[in-house]
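A short write-up of the structure that comes next.
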Amino acid sequence: MNTSVAIQVLPIMEDEKKLVAAVDQAIKYIKSTSVNYQVGAFETTLEGDYDQLMEIVKNITKITADAGAPQVMSYVKINYKPEGQVLGIHEKTDKYQH
């Protein structure tokens, strides 16, 4: 695992129920990819191979739009280490879970 990505997808929609449903479609897609991920209150973190994660990031925005969002803002953070492993979700967060 040479990459971790955090993505916050923000569908621009007035109807909150439709907004949540659009985000749910993005998370459903992430789940279908079989990469390790963790959903947070403001963003979702994914772990895996750089090229695979970049493809997922690209698709998330399109899937959210296809779910009815007329406009989508996506904020992405990328941690990439071409030679070796990045720290994983569990290494970063397990000690803080309750």
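Keep in mind that what you see is a predicted model, and the values were worked out from it rather than measured.
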Residue list, side chain to side chain donor-acceptor pair (under 3.5 Å) with Ser74, at least two apart or on another chain: Thr61
Distance in Å, Asn36 CG paired with Leu46 CG, rounded so as to fall on 0.5 Å steps: 8.5 Å
Exam field: side chain Gln85 to backbone Met1, donor-acceptor pair closer than 3.5 Å: yes
Please list every donor-acceptor pair under 3.5 Å in which a side-chain atom of residues 87-94 meets a protein atom from a residue at least two apart or in another chain.
unit_1	atom_1	unit_2	atom_2	d
His90	ND1	Asp94	OD1	3.0
Glu91	OE1	Gly88	N	2.6
Thr93	OG1	Ile89	O	2.8

Interatomic distance, Ile7 atom CD1 to Ile56 atom CD1 [nearest 0.5 angstrom]: 10.0 Å
Anything under 3.5 Å between a donor and an acceptor, one on a side chain of residues 19-30, the other on a protein residue two or more places apart or in another chain? List them.
unit_1	atom_1	unit_2	atom_2	d
Tyr29	OH	Asn59	ND2	2.9

Residue list, salt bridge (charged side-chain N to carboxylate O under 4.0 Å, His left out) with Lys18, at least two apart or on another chain: none
More than 12 heavy atoms from other groups under 6.0 Å of CD on Gln97: yes
Joint hydrophobic cluster, Val9 plus Val57, side-chain heavy atoms closer than 4.5 Å: yes
Stepwise side chain to side chain contact (heavy atoms under 4.5 Å, CB included) test for Met54 and Val5: CA-CA 9 Å; Met54 293 304 99; Val5 169; 3.7 Å; yes
OG1 on Thr64 to CD1 on Ile12, rounded to 0.5 Å: 11.0 Å
Straight-line distance of Gln38 CD to Ser4 OG, nearest 0.5 Å: 11.5 Å
Test ring-ring contact (aromatic ring centres under 6.0 Å, His included) applied to Tyr50 - qualifying residues, sequence neighbours left out: Tyr80
Same cluster (ILVMFWY, side-chain, under 4.5 Å), Ile63 and Leu10: no
Listed partners of Ala6 passing side-chain contact (heavy atoms from CB on, under 4.5 Å), at least two apart: Glu43, Thr45, Lys77
Pairwise distance CG(Asn2) to CD(Gln52) - rounded to 0.5 angstrom: 10.5 Å
